[in-house]
Amino acid sequence: RMDKVGDALEEVLSKALSQRTITVGVYEAAKLLNVDPDNVVLCLLAADEDDDRDVALQIHFTLIQAFCCENDINILRVSNPGRLAELLLLETDASPAASEGAEQPPDLHCVLVTNPHSSQWKDPALSQLICFCRESRYMDQWVPVINLPER
């Protein structure tokens, strides 16, 4: 079951990248959540063991989680940020904007997927993720942890 959810997440991220409906970075995500929370359909938080000791990052995560819960935004925690980086950076390397700021890697701790059109709700992969999040909340797992499959 978790593999299917991971595959669905990969598909959603791939589509969001191609449609340019993805926001990457804690500060960028916070700005978008402040301005337009109604269009955010999914929030991903990614951290490895080293990040768990970063107090400032943990405070940001707590605030983002609280905001997402208050605004009914589906939220997932990704346990392997390296795989998330592969998925997001492989796609963005092809864009001209990626080469301009290539020295500083992007902050992949928080990723938001927005809903550009109502038709995206018909996306089966996104529907699967939303159902997974809903089922997790029923089991009092407000921020379920997901492991993206290695390729």
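Please read all numbers here as calculations on a predicted model, not as lab measurements. Residues take their numbers from the sequence shown, with the count starting at 1.
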Check for a donor-acceptor pair, side chain of [X] on one end and backbone N or O of [Y] on the other, with a separation under 3.5 Å.
X	Y	value
Asp54	Ala56	yes
Ser14	Glu10	no
Asn147	Ser79	no
Asn71	Ile73	no
Asp107	Val26	yes

Q) Looking at Glu28 and Lys31, does any basic side-chain N land under 4.0 Å from a carboxylate oxygen? A) no
Check: [Y] and [X] side chains under 4.5 Å, non-hydrogen atoms:
X	Y	result
Asn74	Leu129	no
Phe132	Lys4	no
Leu76	Cys133	yes
Arg134	Cys131	yes

I need the [X] [atom1] to [Y] [atom2] distance, nearest 0.5 Å.
X	Y	atom1	atom2	answer
Ser136	Ile75	OG	CD1	12.0 Å
Leu44	Ile146	CG	CD1	8.5 Å
Leu9	Leu13	CG	CG	4.5 Å
Cys69	Ile64	SG	CD1	12.0 Å
Leu42	Asn115	CG	CG	11.5 Å
Leu45	Leu84	CG	CG	10.5 Å

Where do [X] and [Y] come nearest, in terms of heavy atoms and distance?
X	Y	answer
Asp36	Val40	O-CG2, 3.9 Å
Arg137	Trp142	CD-CZ3, 3.2 Å
Ala46	Leu108	CB-O, 3.7 Å
Ala47	Arg77	CB-NH2, 3.5 Å
Gln128	Val5	NE2-N, 4.0 Å

Q: Please write out which residues are connected to Val55 in a hydrophobic cluster, directly or through intermediates, given that two of Ile, Leu, Val, Met, Phe, Trp, Tyr count as joined at side-chain heavy-atom separations below 4.5 angstrom.
A: Ile59, Leu63
Q: Sort out for me which residue in Ile22, Leu33, Asn39 forms a side-chain contact (heavy atoms from CB on, under 4.5 Å) with Leu112.
A: Leu33
